[in-house]
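Taking it in order: structure first as structure tokens, then the write-up.
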Amino acid sequence: MRNQRAAIVGKKLPAAFFRREDVLQIGRELLGQYLFTRLGGARVTGGRIVETEAYAGATDRASHAFGNRRTRRTAVMYQAGGVAYIYLCYGLHALFNIITGPQDIPHAILIRALEPTHGIDLMLRRRSKTRLDRTLTAGPGALAQALGLRVRYSGASLLGNKIWLEKGIDFHPAEIVSTTRVGIEYAGADAQRPWRFLVRGSAWSSRAK
DNA sequence: CCGTCGATCTCCT
DNA sequence: GGAGATCGACGGG
């Protein structure tokens with residue numbers, strides 16, 4: 001009942017959504033879905049996802065879990081889908097990922113941008129901004145900061161009432177752009193895979209090169 | 001508008 | 001010792 005009450009705009013995405021094997025398909029389907037947080041207080045913050053990147057676990061050179069590498073940082077990637085993987089990038093920025101697939105399959109989806117819809121004033125405060133524009137939540141580091149997502153929440157369930165997803169828009173394939181992922185030039189042939197997904201024409205996407 | 005650069009944690013060589 | 005799933009400040013055109 002508590003979880004029902006936590007829903008803001010629609011039904012929560014269930015464990016079965018996250019535990020499917022096809023990380024590329026989930027990466028596409030996450031576009032248009034709502035991501036919400038209620039962290040450090042009563043206020044809900046979030047919006048509709050407009051940009052994702054899929055990381056295909058053991059076989060993907062761009063993945064932290066390539067070759068089934070296990071470190072303290074990446075241990076949560078091996079849990080069953082539906083938990084957060086949050087790590088520190090360049091020593092500064094928390095990057096938020098959704099772990100997908102069955103247990104021991106370390107698939108992850110990086111959430112790169114969203115269209116803010118809820119708790120915009122609190123997100124502005126977390127980002128030390130006064131005006132709402134695309135820089136509030138465009139780019140994975142900016143998005144995580146706006147939502148209050150810190151490394152300490154890595155491993156948190158996405159099925160509870162602190163961090164969760166809800167049903168939003170389902171886009172037609174023609175409304176989705178797929179292109180190469182950002183910042184993984186070291187990944188050889190995997191750097192060329194079109195595993196970054198964007199809502200076509202969205203004004204809220206990152207402009208990373 | 002664009003390119004450059006510093007910040008500074010985790011993991012790898 | 002070096003690089004990285006980044007961002008924002010700064011200086012030049």
Side-chain angles (χ1 to χ4, degrees), chain A residues 18 23-24 26-28 30-31 35 45 47 49-79 81 83-101 105-114 116 123-156 158 163 177-199 202-209:
Chain A
F18 301 107
V23 67
L24 303 181
I26 301 172
R28 290 173 170 274
L30 280 171
L31 296 177
L35 172 61
T45 48
I49 295 168
V50 300
E51 181 176 344
T52 64
E53 280 178 359
Y55 288 84
T59 61
D60 178 1
R61 293 196 110 80
S63 168
H64 292 166
F66 177 64
N68 282 317
R69 190 162 70 231
R70 279 178 187 265
T71 67
R72 201 170 62 188
R73 181 177 71 161
T74 62
V76 305
M77 299 181 77
Y78 296 83
Q79 294 189 39
V83 301
Y85 169 51
I86 306 174
Y87 72 96
L88 206 59
C89 185
Y90 297 105
L92 286 180
H93 307 288
L95 269 56
F96 171 73
N97 296 253
I98 292 173
I99 296 303
T100 68
I105 303 295
H107 289 171
I109 297 169
L110 175 67
I111 307 302
R112 289 191 57 88
L114 61 73
M123 291 196 285
L124 286 168
R125 200 171 328 136
R126 285 174 176 148
R127 295 271 295 131
S128 302
K129 289 177 174 294
T130 54
R131 302 280 179 187
L132 172 60
D133 62 35
R134 53 179 295 289
T135 65
L136 181 64
T137 51
L143 179 151
Q145 185 179 35
L147 294 185
L149 293 164
R150 312 280 300 268
V151 171
R152 61 175 295 244
Y153 297 113
S154 192
L158 303 179
I163 312 169
V177 179
S178 58
T179 183
T180 53
R181 296 172 292 178
V182 176
I184 54 155
E185 294 76 13
Y186 58 89
D190 289 330
Q192 304 307 313
R193 303 196 189 285
W195 291 353
R196 176 186 178 205
F197 305 109
L198 303 97
V199 176
S202 173
W204 299 97
S205 301
S206 80
R207 279 183 196 159
K209 304 149 202 117

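Below, chain A is the first sequence line, B the second, and so on; all start at residue 1.
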Can you check nucleotides 6-9 of chain B for protein contacts, nitrogen or oxygen pairs under 3.5 Å, and list what you find?
none

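With rounding to whole Å, Leu95(A) atom CG is found 20 Å from dA3(C) atom P. The separation between Phe66(A) atom CZ and dC11(B) atom P is 18 Å, rounded to whole Å. Taking atom NE2 on His64(A) and atom C1' on dT10(B), their separation rounds to 9 Å, with Å as the unit. Here dT10(B) presents its C1' atom at 15 Å from CG of Asn97(A), a figure rounded to the nearest Å. Summarising the geometry, the separation between CZ on Arg134(A) and P on dG8(C) is reported as 10 Å, rounded to the nearest angstrom. For Leu143(A) and dG8(C), the CG to P distance is 12 Å, given to the nearest whole Å. Protein atom CD of Glu53(A) is 15 Å distant from nucleotide atom P of dG4(C), rounded to whole Å. One atom, CZ of Phe96(A), and another, P of dT6(C), lie 16 Å apart when rounded to the nearest Å.
An OP1 or OP2 oxygen of dC12(B) is reached within less than 4.0 angstrom by a side-chain nitrogen or oxygen of Arg69(A). The phosphate of dG8(C) has OP1 or OP2 within less than 4.0 Å of a side-chain N or O from Arg127(A).
Closest of all the heavy-atom pairs between Leu95(A) and Cys89(A) is CD1-CB, 3.7 Å.
Across dC5(B) and dG13(C), the matching P atoms stand 15 Å from one another, rounded to whole Å. Here the separation of dC10(C) from dT8(B), taken at their P atoms, is 16 Å to the nearest Å.
Each of Leu136(A), Thr45(A), Leu143(A) was scored for a side-chain contact (heavy atoms from CB on, under 4.5 Å) with Pro116(A), with one residue passing: Leu136(A). Under the side-chain contact (heavy atoms from CB on, under 4.5 Å) test applied with Trp204(A), the options Leu114(A), Val50(A), Asp133(A) reduce to a single match, Val50(A).
When each of dC11(B), dT6(C), dG8(C) is scored by its nearest atom to the side-chain atoms of Thr71(A), the top-ranked nucleotide is dC11(B). Checking dT10(B), dT6(C), dG8(C) against every side-chain atom of Arg73(A), the shortest atom distance belongs to dT10(B).
Residue pairs satisfying the side-chain hydrogen bond (donor to acceptor under 3.5 Å, both in side chains) criterion with at least one member in residues 52-66 of chain A, sequence neighbours excluded, are listed as follows: Glu53(A)-Tyr55(A), Asp60(A)-Arg181(A), His64(A)-Tyr85(A).
With 3.5 Å as the limit, one finds no donor-acceptor pair spanning the side chains of Gln145(A) and Arg126(A).
Remark: dG8(C) base-pairs with dC5(B). Criterion, Watson-Crick or G-U wobble with two distances under 3.5 Å.
Counting only heavy atoms from C-beta outward, the side chains of Leu147(A) and Phe96(A) never approach each other to under 4.5 Å.
Using a 4.0 Å heavy-atom cutoff across all strands shown, Ala142(A) reaches sugar-phosphate atoms only and no base atom.
Within 6.0 Å of atom CZ in Arg150(A), 12 or fewer heavy atoms from other residues, nucleotides or ligands are found, so the atom counts as exposed in its surroundings.
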